[in-house]
Amino acid sequence: MTLKHKTSGFLGAMMLSAGFVLASSTGALAMGPMVDAMDQDVSGGTVTAEKIMAGENGWLVVHRTDKDMKPGPVVGYAPIKKGENMDVAAILQEPVNSGEMLMLMVHSEAGGMKTGVYEYTLGAKEDGPIKPDGKLVMKVIHAE
């Protein structure tokens with residue numbers, strides 16, 4: 001085997017490997033932004049999203065909600081990065097009782113005055129919710 005064959009074999013393997021990485025990351029982002037979470041025990045003072053896909057750096061924001069499914073006051077938040085985020089835990093800033101409904105929502109980092117500082121207040125534009133196709137990216141769960 002000549003050096004040329006060894007090199008092209010190595011380059012072929014590198015290209016194949018790069019194609020696999022590109023295909024898998026493209027496929028993950030092609031899913032679009034999403035939040036995956038289940039009903040859970042929040043007595044420890046946290047709520048966790050099992051998986052979040054985000055198109056940009058931002059925040060997992062935990063809103064109170066009810067049967068009307070409108071986002072209410074914020075009771076917790078945690079930073080998220082662009083791409084796939086696994087097991088994102090937000091510390092609850094006030095008590096949440098068993099049976100209450102929580103809306104776990106993806107918010108942007110855009111519009112605020114400081115990067116990495118959560119600045120959203122209900123209805124504000126700073127670090128506000130993302131809305132691809134005009135729809136919130138969120139998941140409603142029940143506290144157990």
Side-chain angles (χ1 to χ4, degrees), residues 5-144:
H5 286 99
K6 286 182 183 176
T7 304
S8 61
F10 175 74
L11 289 175
M14 290 290 289
M15 289 170 58
L16 199 60
S17 175
F20 175 76
V21 171
L22 181 61
S24 61
S25 64
T26 302
L29 291 176
M31 286 181 8
M34 56 80 72
V35 177
D36 186 22
M38 296 176 23
D39 294 349
Q40 59 193 275
D41 178 4
V42 297
S43 63
T46 63
V47 63
T48 301
E50 283 118 26
K51 181 177 182 178
I52 299 172
M53 291 299 298
E56 60 186 275
N57 293 339
W59 305 95
L60 165 65
V61 178
V62 183
H63 292 267
R64 290 188 185 275
T65 192
D66 57 23
K67 65 183 186 294
D68 294 333
M69 298 295 184
K70 293 186 178 179
V74 173
V75 295
Y77 58 88
I80 56 174
K81 63 182 168 70
K82 177 180 179 177
E84 183 178 84
N85 296 262
M86 301 299 291
D87 299 320
V88 179
I91 297 172
L92 296 171
Q93 299 169 341
E94 57 188 66
V96 173
N97 297 317
S98 180
E100 288 189 67
M101 296 170 68
L102 298 173
M103 182 179 284
L104 284 61
M105 184 183 301
V106 177
H107 280 231
S108 173
E109 173 62 20
M113 298 295 287
K114 298 178 184 175
T115 300
V117 176
Y118 180 70
E119 301 174 79
Y120 180 77
T121 56
L122 206 53
K125 293 192 186 329
E126 297 83 9
D127 296 344
I130 65 167
K131 294 182 182 179
D133 300 323
K135 297 178 183 174
L136 295 170
V137 177
M138 58 84 177
K139 175 77 175 192
V140 174
I141 66 162
H142 290 87
E144 296 179 343

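Everything numeric here is computed off the predicted structure, so don't read it as measured data.
Using cut-offs of 30° and 60° for the angle between ring planes, the His107 and Tyr120 rings count as perpendicular.
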Worked check of side-chain contact (heavy atoms from CB on, under 4.5 Å) between Leu122 and His63: CA-CA 10 Å; Leu122 206 53; His63 292 267; 4.0 Å; yes
Check step by step if side-chain contact (heavy atoms from CB on, under 4.5 Å) holds for Arg64 and Val96. CA-CA 9 Å; Arg64 290 188 185 275; Val96 173; 4.1 Å; yes
Take Glu100 and Val42, measure what side-chain contact (heavy atoms from CB on, under 4.5 Å) needs, and give me the verdict at the end. CA-CA 10 Å; Glu100 288 189 67; Val42 297; over 6 Å; no
Verify side-chain contact (heavy atoms from CB on, under 4.5 Å) between Gln40 and Val47, making sure each step is shown before the conclusion. CA-CA 7 Å; Gln40 59 193 275; Val47 63; 3.6 Å; yes
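Within a 6.0 Å radius of CE in Met86, other residues, nucleotides and ligands contribute more than 12 heavy atoms.
Remark: side-chain polar atoms of Ser108 are not paired, donor with acceptor, to backbone N or O of Asp127 under 3.5 angstrom. Distance alone, capped at 3.5 Å, is enough to place a donor-acceptor pair between the Asn57 side chain and the Lys82 backbone. Formation of a donor-acceptor pair under 3.5 Å by the Glu109 side chain with backbone atoms of Trp59 is not found in this model. Side-chain atoms of His142 do not come within 3.5 Å of backbone N or O of Gly99 as any donor-acceptor pair. With Asp133 contributing its side chain and Lys135 its backbone, the two residues share no donor-acceptor pair below 3.5 Å.
Listed by chain and residue number, nothing satisfies the salt bridge (charged side-chain N to carboxylate O under 4.0 Å, His left out) test with Lys125 (two or more places apart in sequence, or in another chain).
The CG atom of Asp39 sits 9.0 Å away from atom CE of Met101, with the distance rounded to the nearest 0.5 Å.
In plain terms, the two heavy atoms of Met103 and Met69 that are nearest each other are CE-O, 3.3 Å.
Using a 4.0 Å cut-off between charged nitrogen and carboxylate oxygen, Lys139 and Glu50 do not count as a salt-bridge pair. Salt bridge Glu119/Lys114: absent, no basic N to carboxylate O contact under 4.0 Å.
Considering only heavy atoms from C-beta on, Leu136 comes within 4.5 Å of Lys131 through its side chain.
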